[in-house]
Amino acid sequence: RKLAEAGVDRLVAIGAYAQRVVDAARAAGLPAEHAVRAPDKQAMTAEVLADARPGDVVLVKASRGLALDTVAADLLARR
């Protein structure tokens with residue numbers, strides 16, 4: 001909900017609570033095609049890169065348990 005209220009353009013979520021996060025963002029007004037659940041980190045990275053443009057800001061937010069620092073590193077390596 002907070003993401004939609006803050007004007008975030010896109011959400012890609014993974015993990016046990018990903019669908020809840022996506023559903024809440026959609027219910028708060030984020031268009032369905034802009035809030036998606038990815039099945040794994042590789043799909044998440046691909047999803048972000050498919051829409052990323054120069055100058056975009058990407059926030060990778062997660063617990064250490066999901067090791068999403070690897071997604072952040074992949075995104076930085078491909079910029």
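A chain of hydrophobic side-chain contacts below 4.5 Å, direct or via other Ile, Leu, Val, Met, Phe, Trp or Tyr residues, connects Leu68 to Val12.
Summarising the geometry of Val8 relative to Leu30, their closest heavy-atom pair is O-CD1, 3.1 Å, with the distance given to 0.1 Å. The minimum heavy-atom distance between Gly29 and Ala4, with the atom names listed, is N-CB, 4.4 Å. When all heavy atoms of Ala18 and Ile14 are compared, the pair lying nearest together is CB-C, 3.5 Å.
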Take Val48 and Val58 through the test side-chain contact (heavy atoms from CB on, under 4.5 Å) and record every step on the way to the result. CA-CA 8 Å; Val48 171; Val58 176; 4.2 Å; yes
What verdict does the side-chain contact (heavy atoms from CB on, under 4.5 Å) test give for Asp74 and Gln42, after you've listed the backbone C-alpha separation in whole Å, the side-chain angles of each residue and the deciding distance to 0.1 Å? CA-CA 9 Å; Asp74 285 346; Gln42 293 78 17; over 6 Å; no
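Summarising the geometry, atom CG belonging to Leu59 is positioned 10.0 Å from atom CG belonging to Leu11; distances are rounded to the nearest 0.5 Å. Atom-to-atom distance recorded for Leu75:CG and Asp56:CG is 11.5 Å, nearest 0.5 angstrom. To the nearest 0.5 Å, atoms NZ (Lys41) and OG1 (Thr45) are separated by 8.5 Å. In this structure, CG in Leu3 is found 11.0 Å from NZ in Lys61, a value given to the nearest 0.5 Å. Atom CG of Leu66 and atom OH of Tyr17 lie 11.0 Å apart (nearest 0.5 Å).
Listed for the Arg26 side chain is no donor-acceptor partner under 3.5 Å among the backbone atoms of Pro31.
Residues in residues 4-16 take part in these salt bridge (charged side-chain N to carboxylate O under 4.0 Å, His left out) pairs, two or more places apart or across chains: Arg1-Glu5, Arg10-Glu47, Arg10-Asp51.
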